[in-house]
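To start, the structure under review is shown below, and the notes come after it.
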Protein chains: 2
Amino acid sequence: MIERHLAKLRARGQVSAEEEQAIRSAVSETREYAADQIVVPAFQDQDHSTLLLDGFMCRFKDMRNGQRQITELHVPGDFVDLHSFTLKYLDHEILALTPCRAAFVPHQNLQRITDDFPRLTRLYWFGTNLDGAIHREWEVSLGRRSARARLATLFSELQIRLGIVGLADDTGYDLPLTQSDVGECLGLTNVHVNRTLRELREDGLMEFQSGRVTVLDRPGLWRAGEFDPRYLYLQQRTR
Amino acid sequence: MIERHLAKLRARGQVSAEEEQAIRSAVSETREYAADQIVVPAFQDQDHSTLLLDGFMCRFKDMRNGQRQITELHVPGDFVDLHSFTLKYLDHEILALTPCRAAFVPHQNLQRITDDFPRLTRLYWFGTNLDGAIHREWEVSLGRRSARARLATLFSELQIRLGIVGLADDTGYDLPLTQSDVGECLGLTNVHVNRTLRELREDGLMEFQSGRVTVLDRPGLWRAGEFDPRYLYLQQRTR
DNA sequence: CGCATGCTTGATTTCCGTCAAGCATAGTGG
DNA sequence: CCACTATGCTTGACGGAAATCAAGCATGCG
């Protein structure tokens, strides 16, 4: 059930059998979410964190005029709101973009992990810092990159993150999002996302059609986005 | 020496006398930095973290065309690269924007804290999560807000963060940065920053001249930026 | 079949970037 | 003490990337 989560952890650090057992016993119930359902509301105290097992979720912040900015996409295996353990409430919503399945981990159980397993605690701390690194890369996209480069970076990032949990290969991956969703990640309108996707397709770099991303020229796509995967911390180390 | 750091911690959580002692004894040497000096280079393994005591630093990422995006500003009391403790290397540079003084904390000493002080560990974990929350708010600015709103948000954020460590009051604060620095935070050119600052000045909201920010109408400034300080987590709670 | 949702393309507008030049200030050195 | 220079601020003219507005098309579902 939490195999993808363990795969994500073990891609960056070590997890002993004892620690794995601690994680497994920390999980309580499992829930299903419909597409467009709010999973964690903003500004309300939380007593548990949520482990995404299946589907795609996002973090987003609303603006008064109805626009929204998605600040991170989440893939299966991600602890979507682990930061609520120390923050207590979230400064943003968590939304299911597609039908999702997720597991609850009560903060009480996380507290026990931090009391008894310092190394695992540091690995989870690393996890939230990795979210921070992704935020920073998105800041660069939003602040300085062209629409073309933003798209190239986003789809390159997802290929790696989904690959770690076995949901992407060299040819591409399933991504059941709309062009509007992508626009809300990148600070672009759906119209401009559409035009720019056509450009990338015509240049033979990638396609994004009917919920599937096809990567035609990975090096070319990386170049188009000035993509450097080091911000994803892809080495197994002692954290 | 680390009074501002303790003030920042205690604004959000509790620090016992014993924990305070652990922090104090974790600090090793102190260093000075000149303006424009790199404090922590990107992509190089670190064996210590850096506590900013005086001056302003920033995190930034370079682009191939020479542009840079500042992803966060740091004020005295901030642990500018606490995340290197679990990340091992940083995905960005840390730069002194003004002459600075900073203290070193070897990762070995942080390791001891995480082994012996779970509550303090969670408070430091909170600290890096707070950086993440600031990143998210900046993503909203960079992705969706007008130049005017971006400036209003940034200067409002700094007034609060500097106020916590006694470096800002209701009238304003010293901020010895250039208009180009501000532009690199907000994804704007120095030219457009200049024009927009004039607008905010003419509207009687704020001034930014010769290294000093004067807040003339705080509610108006907050409104102009749709500023909501809850993302700064300004309550003292058990973390 | 009818409707909703999302994709696609064109025409026009706007915010901000680029380029350029002048000005102010402060620090330097003859 | 006063050129001289560097750095940063200010303003104007022009250009461009993406937004907005609008309409038609494709797809899927009840």
Side-chain angles (χ1 to χ4, degrees), chain A residues 34-37 56 63 65-70 97-99 140-154 174-203 206-214 224-225, chain B residues 34-36 56 63 65-70 97-99 140-154 174-202 206-214 224-225:
Chain A
D36 290 320
Q37 195 178 344
F56 288 87
M63 311 225 357
N65 62 10
Q67 289 191 105
R68 59 173 57 164
Q69 176 65 46
I70 295 178
L97 290 167
T98 66
V140 175
S141 275
L142 293 164
R144 289 293 175 202
R145 288 203 251 254
S146 67
R148 183 186 165 88
R150 291 185 210 187
L151 283 160
T153 314
L154 178 64
D174 289 326
L175 187 74
L177 307 188
T178 67
Q179 294 182 356
S180 295
D181 293 334
V182 173
E184 288 180 346
C185 293
L186 301 178
L188 301 170
T189 59
N190 56 346
V191 175
H192 202 63
V193 167
N194 182 281
R195 287 191 231 275
T196 313
L197 280 173
R198 174 155 58 99
E199 211 186 290
L200 291 171
R201 189 179 345 116
E202 286 169 357
D203 290 351
M206 61 158 289
E207 290 174 7
F208 175 42
Q209 263 154 5
S210 32
R212 172 93 195 161
V213 172
T214 308
Chain B
D36 290 319
F56 289 87
M63 312 227 355
N65 62 10
Q67 288 191 106
R68 59 171 59 164
Q69 176 65 46
I70 294 178
L97 289 168
T98 66
V140 175
S141 275
L142 293 164
R144 289 292 175 203
R145 286 203 252 255
S146 67
R148 183 188 165 88
R150 292 185 209 186
L151 283 159
T153 313
L154 177 65
D174 290 326
L175 187 76
L177 306 187
T178 67
Q179 293 182 356
S180 295
D181 294 333
V182 173
E184 288 180 346
C185 294
L186 301 178
L188 300 169
T189 58
N190 56 346
V191 175
H192 203 65
V193 167
N194 183 280
R195 286 192 232 275
T196 312
L197 279 172
R198 175 155 57 99
E199 212 184 290
L200 291 171
R201 192 182 337 118
E202 286 169 357
M206 61 158 291
E207 292 176 7
F208 175 41
Q209 263 153 7
S210 33
R212 172 94 194 160
V213 172
T214 309

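Each chain gets a letter, A, B and so on, in the order the sequences are listed, and its residues count up from 1.
The side chain of A/H192 lies closest to D/dA18 when the candidates are D/dA18, D/dC9, C/dC7. Comparing D/dA19, C/dT8, C/dT18 against the side chain of A/N194 picks out C/dT8 as the nearest. Between C/dC7, D/dC9, D/dG12, one nucleotide has an atom nearer to the side chain of A/Q179 than all others, and that is C/dC7. Nearest to the side chain of A/T189, among C/dC16, C/dT9, D/dT20, sits D/dT20. Candidate nucleotides D/dC9, D/dT10, D/dA18 were compared by shortest atom distance to the side chain of A/A147, and D/dA18 ranks first. In this structure, the nucleotide among C/dG17, D/dT20, D/dT11 sitting nearest to the side chain of B/L188 is C/dG17.
Place A/Q209 and B/V193 on DNA chain C by their nearest nucleotides, and A/Q209 ends up nearer the 5' end.
The only member of B/T196, B/N194, B/N190 that meets side chain to side chain donor-acceptor pair (under 3.5 Å) when paired with B/Q179 is B/N194.
Residue-to-nucleotide contacts include a donor-acceptor pair under 3.5 Å from the side chain of B/R195 to the base of C/dT18.
Contact record, A/L188 with B/R144: O-NH2, 3.2 Å, taken as the closest heavy-atom pair.
Within 4.0 Å (heavy atoms only), A/S146 reaches sugar-phosphate atoms of the nucleic acid but no base atom. Within 4.0 Å (heavy atoms only), A/G183 reaches no atom of the nucleic acid at all.
What separates CG of B/L197 from C1' of D/dT10 is a distance of 11 Å, to the nearest Å. Rounded to whole Å, atom C1' of C/dC15 lies 16 Å from atom CG of B/L142. Taking atom CG of A/N190 as the reference point, atom C1' of D/dA18 lies 12 Å away to the nearest angstrom.
In terms of phosphate contacts, A/R198 brings a side-chain nitrogen or oxygen within less than 4.0 Å of OP1 or OP2 of C/dT9.
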